[in-house]
Amino acid sequence: MSKKKKNVKNVNRQELSEEKTVIKQVKEKIKDLNREQTVFFLWLCSLRILPFIGAAGNFNFWKKNEIHQHLNAIINAIDIVAIYNDSNDNAYVASTRDAARNAARAHAQADNAARDAINDANDIVAKLTKASAASCATIAYAVTVAHYVAKYDTIFYYDTISTAIDTATTADFLTASKYPLKLYNIILEDISYIKENTYDKFNNDISLYGDVWNNFQKALSNIGCGYWSVLYKNILQNRFQIDKKALKLRLNIPQEIKDLGAKAVADYLEQMELSGSENLNEARIIILGEKGAGKTSLARRLVDPKAKMPEERESTEGVDITSFKLKDAYCNISEKDNTNVHIWDFAGHSITHAAHRCFLSERCIYIILYDGRTEGRNRLDYWLNHVRDYGGDSKIYVLANIKDDHKPNIEENYIRKHYTKHLCEFYYFSIKDDVGKLENFRFEITQHIVNDPAWGQNIPNNYFLAKEKLKSTFSDERDYITIDDFKQVVPEVSNEMLKALHSLGICLHYEEIDEFCTLVLSPKWITWGIYHIINWLKNIQEHYQLKISDFNKIFADSIVKYPMDKHHFLYRLLIKYELAYEDNNKGVLIIPQCLNKDQPEETYFPEFLKHERLFTRFDAKQKDDNTPMPFPPDIMPRIIVKRSTEASFEKSKVWRYGALLYFSPDTFAYIQQKDSVILLKVAGKERQHYHDMIRGTILDTIYSYTSFQENDPEIKYELIEHPDTMYPETSLKNLLAQKLPTFDDLGLNKTIDVQENARQYKIDNLTIIHAPIHGGSVTFDIDTTVSSYNHYSTVLKNRLDELTQLLESSREVDIKELTAASKCLSECKSREQSNKMKKLRTALGKVRDQLADEESTLHKTVKTIKNGTKLAQDFIEVYKSFSILNGW
């Protein structure tokens, strides 16, 4: 070895030793910070590491079409942490949880790219991609810890904070060339300054980042996000002083704009700074419920409490939209805040419910009209889930329309428990007869609009003026206009403005079908058109297949409103909204929601032979009590639409609740959905690949519903070596994480081939955040810690129950402590139940101590029973993992 190389190696060893020493000091000093200081440190650490995301001068480690969403998730996560001291605890806990989840997804994709880069011949590319992944991991860790710090009175998460620091220094190490930043030394100084409250001493020398900073700026500029480049430069130069007004503005951007990604948010903020802002002053009330519940009556009387009641035969077809000014119901507001309140009364026909998701949205008030005489709790749950899936955290009013002396019995406590975010309120009165109660109800709703910050959101002044010009120019006389018409009214229109106005529901513009140059001014025009198509197809067409020529028949009585030149536009909208797919082989449009509910006869179905199939089960369950919850009613039709290429195969068969799909002549899949279960079977030569594709489609569809972003489905796989035996995915992942080739599951009395099942089902631990640390790796599970808890809890309970059964015939030992511990495991569903966790720790500790004590009666008795020693040893090993997981 040359003297030069030897010197370099010695320098690296010295730097690594220095780093370890400083990081050890950092981990100790963190414990001196209080809760507020800890959260501020997490925010500061996230900002310190942020430039490393763009270390390569690009964001190519994310999928091209997801860059802006992932970047916005990272930016939003940092901002969420920053508001800790000015936030309501409950709201903060919820926002940090969601931010952590989104940041974890952003990291997961970056980490996948980092793994792929390991095989890249270009070592620099690999290092920079790893650095970007480590940077994303740091921010995901930071916001996750902020979530737990806010949620609990005491900070138990020093190890996780340390992991965040480790990942931060990893990024620094990987990008270090001749002059490393030595971020760990700066972080050590930061802790001291935070403790001493001497923020003016923070190191803000941008030049220390070298090329990393320049590349970060370049990466942002190349994707049109120069706004963020300037913002973070200013924050650094101002020694990390938080501009609370600007922070609040960023966090209060309408969710519809945030969903468009980092560039759209940046454009929106820039426009507000350039042109000023105005209150959006548009609010929406959406009324849902069964046909005949009184929705039309309520809509009319919300506008005018003394309005004439509709005739019995009157029924909404599609949606009716009526409006009133807020001041009409609540006089104590200024003219400036006199919001336009729009009431959407949706049709109650069940066949049209699948189309609701195209028009329901967040930032609305939902009223669920309930008729307790004909509906049970399940039907009320149906509508509540409808709002949860499509309406975000919107406020819900449940109104029981009393039509006689019978008062519906609504389980209010159950609803409040399962739909916490929606702050549900309950009202009982007759829409027809109780005018006084109706006026009070109307006043309560208008009060909510006045006081809820979501309705006080500002939009850029030029967007507001565009909205007003459109309204005054076209009034209510036009349902749609062309792009050229729009430009005549608003010459300064840009693509960014069109996207924003579309997202806010002011005028709808569909870029994907831009050849029609159509801007829709009236959402009612679309909803009525789509509902009319669906109802016509369901009631008239026997084969449930739609041709473009059928539109002439469908709109024969409304040709002026729906002229022939707009038929193709509506045709394409059905496909865009995932309500239909085009079968190119037959030249027809298929709307799965309108198909027969019954499965075709299985006479010509292929066989899914045991040992030659992959079989997966998805169970929808409530997270808090593990009870079944139904999948949304349109989930299977959407899955079919997403797999439309295979659905169009000549051998394929589709029905309302399932499909037989052919990937190729010798590879096929069967999907079936019923209430809270989806079954997937795949067979054939390419079954692994096809199973992986369909599983991804199913999960993508499931997670597109808000309710399943909080209630993960339970996934089970049929064991390859044990057909008809389903095994939880979480358990397989945990066994895989332990690098076990096989596992003897005594509860099943079967040996599981962990590696073969993982290979066949393509299972790995990608849901766990991995951050490479100088050749090694650390893991922290943001999304699966609960699953790990459930896995170990289940295994421990199985071992206790098996031990109890073995000892039941023995007179020498008292088994009450075993049954007590088993009961505690059943009752304690999560680590968040602090009182039950204390009891559980005590109960399990007693059993563990007795089994480990060679002089105890329990130990001696177990030792004499066949399989007793193995069960006891297994319990103790699992107990160790369980105790580490819970920080005992």
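Side-chain atoms of Thr144 come within 3.5 Å of backbone N or O of Ala140 as a donor-acceptor pair. Judged purely by atom type and a 3.5 angstrom limit, Thr804 uses its side chain to pair as donor or acceptor with the backbone of Leu800. Not one N or O on the side chain of Ser676 forms a donor-acceptor pair closer than 3.5 Å with the backbone of Pro628. In terms of modelled atom types and a separation under 3.5 Å, the side chain of Gln69 and the main chain of Leu260 share a donor-acceptor contact. The main-chain N or O of Asn60 is found under 3.5 Å from a side-chain atom of Asn58 such that the two form a donor-acceptor pair.
Electrostatic pairing of Arg613 and Glu718 counts as a salt bridge here, judged by a charged N lying under 4.0 Å from a carboxylate O. Here Lys610 pairs with Asp724 in a salt bridge; the nearest charged N to carboxylate O distance falls below 4.0 Å.
Side-chain N/O atoms of Tyr419 and Asn385 include a donor and acceptor closer than 3.5 Å. Side-chain atoms of Thr751 and Asp744 include a donor-acceptor pair closer than 3.5 Å. Counting only N and O atoms by type, the side chains of Tyr690 and Tyr662 include no donor and acceptor under 3.5 Å apart. In this structure, a donor-acceptor pair under 3.5 Å is absent between the side chains of Asp692 and Tyr761. Inspection of the Thr697 and Arg643 side chains reveals an N or O donor paired with an N or O acceptor under 3.5 Å. Donor-acceptor pairing under 3.5 Å is recorded for the side chains of Asn757 and Glu721. With hydrogens and angles left out, the side-chain atoms of Ser704 and Arg638 include a donor and acceptor closer than 3.5 Å. At a cut-off of 3.5 Å, with distance as the only test, no side-chain donor of Tyr657 or Gln599 sits close to an acceptor on the other residue.
Taking each heavy atom of Pro637 and Gln593 in turn, the nearest pair found is CG-OE1, 3.3 Å. Of all the heavy atoms in Gly261 and Asn72, the pair that sits closest is C-CB, 3.9 Å. The minimum heavy-atom distance between Gln755 and Lys739, with the atom names listed, is NE2-C, 4.4 Å. The two residues Lys258 and Asn76 make their nearest non-hydrogen contact at NZ-OD1, 4.2 Å. The minimum heavy-atom distance between Ala580 and Val641, with the atom names listed, is O-CG1, 3.5 Å. Taking each heavy atom of Ala620 and Phe708 in turn, the nearest pair found is CB-CE2, 3.5 Å.
Within 6.0 Å of NZ on Lys642 lie more than 12 heavy atoms contributed by other residues, nucleotides or ligands. More than 12 heavy atoms of other residues, nucleotides or ligands lie within 6.0 Å of NZ in Lys750, so this atom counts as buried by the packing criterion.
Residues Arg759 and Gln688 form a side-chain contact, since some pair of their non-hydrogen atoms from C-beta on lies under 4.5 Å apart. In this structure, the side chains of Leu384 and Asp381 come closer than 4.5 Å at one or more pairs of heavy atoms.
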message = Applying side chain to side chain contact (heavy atoms under 4.5 Å, CB included) to Tyr705 and Phe631, what does each step give before you reach the verdict?
response = CA-CA 10 Å; Tyr705 299 97; Phe631 279 117; over 6 Å; no

inquiry  = Walk me through whether Ile640 and Tyr581 qualify under side chain to side chain contact (heavy atoms under 4.5 Å, CB included).
reply    = CA-CA 8 Å; Ile640 293 171; Tyr581 68 92; 3.8 Å; yes

task = Apply the test side chain to side chain contact (heavy atoms under 4.5 Å, CB included) to residues Leu844 and Leu825: give CA-CA distance (whole Å), side-chain angles for both, the deciding distance (0.1 Å), then the verdict.
result = CA-CA 9 Å; Leu844 289 176; Leu825 282 166; 4.2 Å; yes

task = Show the numbers, then the answer: is there a side chain to side chain contact (heavy atoms under 4.5 Å, CB included) between Ile698 and Ile702?
result = CA-CA 6 Å; Ile698 292 172; Ile702 289 173; 3.7 Å; yes

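Aromatic ring centres of Tyr727 and Tyr717 lie farther apart than the 6.0 Å criterion allows.
Ring geometry for Trp383 against His386 counts as perpendicular: the plane angle is over 60°, on a 0 to 90° scale with 30° as the lower cut. Classification of the Trp655-Phe605 ring pair by plane angle, with boundaries at 30° and 60°, yields tilted. Note on ring orientation: taking the six-membered ring where Trp is involved, the planes of His70 and Trp62 are tilted (angle from 30° to 60°).
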